[in-house]
Amino acid sequence: QVQQVESGGGLVQAGDSLRLSCAASGGTLSNYARGWFRQAPGKEREFVAAITWTGGSTYYADSVQGRFTISRDNAKNTVYLQMSSLKPEDTAVYYCAAARLTSSLRRGVADYWGQGTQVTVSS
């Protein structure tokens, strides 16, 4: 019964930066791959980034490569998404997720999902 809560979303201008956090409680996710997805109005949920349980490997969608950085702090049971050079097309609800296998997580198959945090980028 692990719960994940996202925070850090908000309204920013194009070109700005934002850092999202996802804190887990009710159990440790230190041995889980963790990541981020997003969903814009009228669009399907989209993979954004993932990090292995060791933190040794990271994966990004082509649309955010070079702009976003995923990291984790297992001591705090938290995963982060540093978002830079934000674009209006980054506007979406961002969800954190966790899965035992990184490959599963990248396909959108997760054991745990957060409730989401809104990110809005104005032009």
Side-chain angles (χ1 to χ4, degrees):
Q1 54 179 18
V2 177
Q3 181 183 34
Q4 296 183 107
V5 178
E6 301 93 338
S7 63
L11 174 63
V12 297
Q13 296 186 109
D16 284 354
S17 297
L18 204 59
R19 189 181 78 158
L20 305 183
S21 299
C22 175
S25 61
T28 180
L29 294 178
S30 61
N31 294 116
Y32 283 70
R34 301 183 71 173
W36 294 89
F37 292 77
R38 66 187 183 186
Q39 187 166 26
K43 299 181 66 177
E44 295 183 346
R45 186 178 61 198
E46 174 189 25
F47 169 78
V48 176
I51 186 167
T52 56
W53 69 272
T54 64
S57 297
T58 57
Y59 305 88
Y60 299 94
D62 289 343
S63 59
V64 306
Q65 182 75 47
R67 299 188 298 118
F68 292 7
T69 301
I70 188 171
S71 61
R72 65 189 297 164
D73 185 343
N74 284 344
K76 296 182 178 180
N77 214 11
T78 299
V79 64
Y80 305 93
L81 185 68
Q82 178 65 49
M83 310 164 69
S84 300
S85 301
L86 284 163
K87 305 174 181 179
E89 50 262 47
D90 294 318
T91 296
V93 176
Y94 283 70
Y95 301 90
C96 62
R100 293 294 300 273
L101 298 177
T102 309
S103 57
S104 298
L105 184 61
R106 293 177 66 190
R107 296 193 302 270
V109 180
D111 297 293
Y112 304 101
W113 290 94
Q115 295 299 307
T117 186
Q118 177 71 48
V119 173
T120 302
V121 184
S122 63
S123 60

Under 4.5 Å between side-chain heavy atoms, counting indirect links through other Ile/Leu/Val/Met/Phe/Trp/Tyr residues: same cluster for [X] and [Y] or not?
{"X": "Tyr95", "Y": "Val79", "answer": "no"}
{"X": "Val93", "Y": "Leu105", "answer": "yes"}
{"X": "Ile70", "Y": "Val48", "answer": "yes"}

If you compare all heavy atoms of [X] against all heavy atoms of [Y], which two are closest, and at what distance to 0.1 Å?
{"X": "Gly9", "Y": "Leu20", "value": "N-CD2, 3.6 Å"}
{"X": "Leu81", "Y": "Ala49", "value": "CD1-CB, 4.1 Å"}
{"X": "Thr102", "Y": "Ala33", "value": "OG1-CB, 3.4 Å"}
{"X": "Arg72", "Y": "Arg34", "value": "NH2-CD, 3.4 Å"}
{"X": "Leu29", "Y": "Ala98", "value": "CD1-CB, 3.9 Å"}
{"X": "Ser63", "Y": "Glu46", "value": "OG-OE2, 3.6 Å"}

Test your reading of the model: is there a side-chain donor-acceptor pair from [X] to the backbone of [Y], 3.5 Å cut-off?
{"X": "Asp90", "Y": "Val119", "answer": "no"}
{"X": "Asp16", "Y": "Leu86", "answer": "no"}
{"X": "Asn77", "Y": "Ala24", "answer": "yes"}

Out of curiosity, [X] [atom1] to [Y] [atom2], how far, rounded to the nearest 0.5 Å?
{"X": "Thr54", "Y": "Asn31", "atom1": "OG1", "atom2": "CG", "value": "10.0 Å"}
{"X": "Cys96", "Y": "Glu6", "atom1": "SG", "atom2": "CD", "value": "3.5 Å"}
{"X": "Cys22", "Y": "Gln3", "atom1": "SG", "atom2": "CD", "value": "10.0 Å"}

| message | Between Trp36 and Met83, does the side-chain contact (heavy atoms from CB on, under 4.5 Å) criterion hold? Intermediate values first, please. | response | CA-CA 12 Å; Trp36 294 89; Met83 310 164 69; over 6 Å; no
Who pairs with [X] by side chain to side chain donor-acceptor pair (under 3.5 Å), at least two apart in sequence or on another chain?
{"X": "Thr28", "value": "Ser30"}
{"X": "Tyr94", "value": "Arg38"}
{"X": "Thr120", "value": "Gln118"}
{"X": "Ser122", "value": "none"}

| query | Under the ring pair (Phe, Tyr, Trp, His ring centres under 6.0 Å) rule, what pairs show up with a residue in residues 40-61, not counting sequence neighbours? | reply |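 Non-adjacent pairs meeting ring pair (Phe, Tyr, Trp, His ring centres under 6.0 Å): Phe37-Phe47.
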| said: Tell me every residue that passes ring pair (Phe, Tyr, Trp, His ring centres under 6.0 Å) with Tyr112, counting only those two or more places apart in sequence or in another chain. | reply: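 If we apply the ring pair (Phe, Tyr, Trp, His ring centres under 6.0 Å) test to Tyr112, skipping adjacent residues, the hits are Tyr32.
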